[in-house]
Asker: 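Sharing a structure with you now.
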Amino acid sequence: MSFIEVNEVSKTFRVSKRSAGIPGMLANLVVPKYEKKRAVNNISFSIEQGEMVGFIGPNGAGKSTTIKMLSGILYPDTGSVRVNGYIPYRQRKEYVGSIGVVFGQKSQLQWDLPVIDSFELLKAIYRVPDEVYQKNLKRFMDMLDMSGFINHPVRQLSLGQRMRADIVAALLHSPQIVFFDEPTIGVDVVGKETIRNFICELNAKDKVTMLFTTHDMQDIEKTCKRLIIIDKGSKVYDGLLSGIRDAYGTTRQVDVEFAQDCTVLPIEHVEIKELDFPSGRKKRFLFESREVQIDSLMNSLLADYAIRDLTVSEPEIEGLIRKIYNGEVAQ
Amino acid sequence: MKNDTIHLMGVYTGTIMKSWFQYKVDAVLRSLAVFLREATGIIVIYFTLLKFDTLNGWDIYELLFLFSLLFLTYGVLIIFFTGLRDFGRTVRDGGFDRFILRPRGLLFQLIFSNADWFAAIGHGGLGIVLFVFSAGNVGITWNAGSVIYYITAVIGGVLIQGAIFLFLATLNIYLLETNSLKELFYWNMRKFAGYPISIFHKAIQFCMIYVVPFAFVNYFPAQYLLRKEDMAGYPSVYMYLTPAVGAVLYLVTYGFWRYSLRFYKSSGN
């Protein structure tokens with residue numbers, strides 16, 4: 001049995017539905033109308049101990065709902081969740097001591113007090129022994145470069161500082177599993193890099209199991225080997241990050257800069273786009289790798305035209321994900 | 001209670017205090033504001049009642065004694081039950097999710113992580129002032145028996161109102177917002193509770209005894225100590241029931257709370 005087992009889990013919310021304006025409001029007051037919204041639809045997956053998994057999907061796909069069921073906040077309607085031998089929503093008190101959750105959009109720190117006061121409170125709540133607390137605090141503060149603001153009230157922190165403090169707050173009790181729900185949202189490039197490195201190191205050294213939700217594909221590319229994509233409540237991809245390219249990224253792209261204006265004769269299975277219109281000096285060639293051999297295309301181009309520069313590129317993961325969200329690729 | 005539970009209660013209290021004292025002037029002014037707001041109400045009633053000799057046999061000191069129980073119990077109540085008073089907001093801003101993620105009892109966290117000391121000082125302070133002003137003038141013999149009775153009655157009164165808060169907080173799980181219900185069932189009934197219930201219509205009396213049992217918070221305990229004639233209209237055993245009503249009501253409501261938690265839906269993201 002895996003460390004985290006999610007088995008055919010569904011969750012439906014009842015959403016109040018009313019027409020616009022005051023008449024709609026009054027009508028709703030008399031006869032409330034509800035709409036059922038299936039946030040999570042029959043999802044299954046499993047995660048092994050020490051894995052770091054990216055969990056992505058467009059807004060409203062059901063990511064947060066899934067994380068809330070995994071962390072014991074919500075009961076699933078059907079299906080079962082089992083983490084580290086616990087059923088999160090039934091054995092809440094025993095279970096939550098072994099997990100950490102970072103909600104990027106919601107701080108768990110005391111707004112008016114210095115960061116360190118929130119940490120001391122968490123130490124008491126989680127019954128963290130003194131030496132463990134001191135060791136963790138010192139280590140995380142060094143890794144996230146926090147000594148400059150540990151005594152500042154949370155309300156005075158920048159978003160990046162607050163996020164780092166929130167990440168430490170979720171880890172002081174040495175959890176075995178951490179759920180990150182958008183831990184880089186609104187953080188600048190440098191801050192994001194710090195957080196990503198921290199997360200990678202924690203996974204590599206402490207073997208902490210992690211599920212990582214984000215909208216920034218670079219977060220995923222720099223931290224996770226495995227990726228789960230959900231859309232409209234259903235799982236649409238579960239596999240290696242690199243597998244996305246194999247599965248969906250079969251389009252290749254060659255950008256060519258010619259020595260002078262030229263017209264290229266049509267080539268079978270290759271789409272040609274002008275990049276420097278109206279001059280014909282730069283063109284892009286798009287084709288499917290299984291239909292056209294890249295070396296034969298290059299050879300024929302080099303033989304027939306004078307070429308100044310040439311770049312071959314694979315599709316970017318981000319572009320592929322966008323295609324998956326938009327339903328442009330067969331799933 | 002386990003040792004570390006008491007330790008955590010201490011840390012919570014320290015955290016609350018530190019937060020309040022981030023704004024020292026505001027802390028003092030707000031306690032004063034609560035005190036004056038409530039005291040103004042009492043002063044208006046005081047001068048109105050001076051026009052009458054008695055109200056259904058109750059003179060002005062006896063009425064103020066009745067009031068003092070209401071304010072004292074609220075002062076104690078709000079030290080422990082602020083988290084339940086503000087529970088609607090905690091649910092809506094996702095704060096309750098955070099409580100669920102921590103390995104401690106949910107109600108324990110709600111109760112000890114928040115305390116409105118402004119309201120406690122304001123209401124409790126007024127309660128003490130009214131008690132001092134009235135208790136010597138209403139003919140109560142203060143001996144061990146009556147002091148013990150008084151203390152258990154205050155505890156019972158706190159539990160009764162705590163149960164009402166807990167009940168309304170539990171409804172939040174289903175309705176998300178219950179402030180108007182609190183206005184209706186708590187604060188409106190509390191206004192009636194400032195007076196001997198015998199002056200009201202039977203329907204209101206019924207509500208005060210059996211629906212939102214404010215009568216057990218101050219009227220019946222005051223009757224035990226004052227023995228006014230209008231007590232003849234009610235079973236005399238009611239004078240002894242306050243602690244029992246408090247305990248039973250609180251336990252039943254606690255069951256309702258436990259049962260309702262599984263329907264908690266969390267707020268959006």
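Note on naming: letters A, B, ... go to the chains in the order of the sequence lines (proteins, then strands), and numbering restarts at 1 for each one. Quick note: numbers below take in every heavy atom, side chains included, and nothing from hydrogens, waters or symmetry partners.
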Asker: Nearest 0.5 angstrom please: B:I100 CD1 to A:S71 OG, how far?
Answerer: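 The OG atom of A:S71 is 8.5 Å from CD1 of B:I100, to the nearest 0.5 Å.
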Asker: Counting only heavy atoms from other residues, nucleotides and ligands, does the tally under 6.0 Å from CZ of B:F185 exceed 12?
Answerer: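 Open: at most 12 neighbouring heavy atoms sit under 6.0 Å from CZ of B:F185.
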Asker: Looking at B:F80, I'd like to know if its CZ atom is crowded, meaning that more than 12 non-hydrogen atoms belonging to other residues, nucleotides or ligands lie closer than 6.0 Å.
Answerer: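 Atom CZ in B:F80 is not crowded, with 12 or fewer foreign heavy atoms closer than 6.0 Å.
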Asker: Where do B:L101 and A:Y126 come nearest, in terms of heavy atoms and distance?
Answerer: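 For B:L101 and A:Y126, the tightest heavy-atom pair comes out as O-OH, 3.2 Å.
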Asker: Using 0.5 Å steps for rounding, measure from the CD1 atom of B:I16 to the CG atom of A:L121.
Answerer: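 If I round to the nearest 0.5 Å, the distance is 9.5 Å.
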Asker: As a quick check of understanding, evaluate side chain to side chain contact (heavy atoms under 4.5 Å, CB included) for A:I73 and B:Y264, giving each step before the final call.
Answerer: CA-CA 8 Å; A:I73 295 173; B:Y264 174 65; 3.9 Å; yes
Asker: Counting neighbours of CZ on B:F71 that are heavy atoms of other residues, nucleotides or ligands and sit closer than 6.0 Å, is the number greater than 12?
Answerer: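 Enclosed.
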Asker: Hey, which residues of residues 80-101 of chain A are touching chain B, say heavy atoms under 4.5 Å apart?
Answerer: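 Counting heavy atoms that sit under 4.5 Å from chain B, the residues of residues 80-101 of chain A involved are A:R92, A:K93, A:V96, A:G97, A:I99, A:V101.
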Asker: Show, in sequence, the C-alpha distance, side-chain angles and deciding distance for B:T15 and A:D117, and conclude whether the side chain to side chain contact (heavy atoms under 4.5 Å, CB included) test is met.
Answerer: CA-CA 7 Å; B:T15 310; A:D117 285 333; 5.6 Å; no
Asker: Output the residues of residues 19-30 of chain B for which the shortest heavy-atom distance to chain A is under 4.5 Å, in residue-number order; output 'none' if no such residue exists.
Answerer: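 B:S19, B:Q22, B:Y23 fall under the 4.5 Å cut-off.
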Asker: Indicate every side-chain donor-acceptor pair of residues 254-263 of chain B with a distance under 3.5 Å to a residue at least two apart or in another chain.
Answerer:
| from | atom 1 | to | atom 2 | distance (Å) |
| --- | --- | --- | --- | --- |
| B:Y254 | OH | B:R258 | NH1 | 3.2 |
| B:S260 | OG | B:Y174 | OH | 2.7 |
| B:S260 | OG | B:F256 | O | 2.7 |

Asker: Please tabulate, one pair per line, all N/O donor-acceptor pairs under 3.5 Å involving side-chain atoms of residues 102-121 of chain B, not counting sequence neighbours.
Answerer:
| from | atom 1 | to | atom 2 | distance (Å) |
| --- | --- | --- | --- | --- |
| B:R102 | NH2 | A:Q108 | OE1 | 2.7 |
| B:R104 | NE | A:I125 | O | 2.9 |
| B:R104 | NH1 | B:D4 | OD2 | 3.3 |
| B:R104 | NH2 | A:A124 | O | 2.9 |
| B:R104 | NH2 | A:I125 | O | 3.4 |
| B:R104 | NH2 | B:D4 | OD2 | 2.9 |
| B:Q109 | NE2 | B:F99 | O | 3.0 |
| B:Q109 | NE2 | B:R104 | O | 3.0 |
| B:S113 | OG | B:Q109 | O | 2.7 |
| B:D116 | OD1 | B:F118 | N | 3.3 |
| B:D116 | OD1 | B:A119 | N | 3.2 |
| B:D116 | OD2 | B:R85 | NH1 | 2.8 |
| B:D116 | OD2 | B:R85 | NH2 | 3.1 |

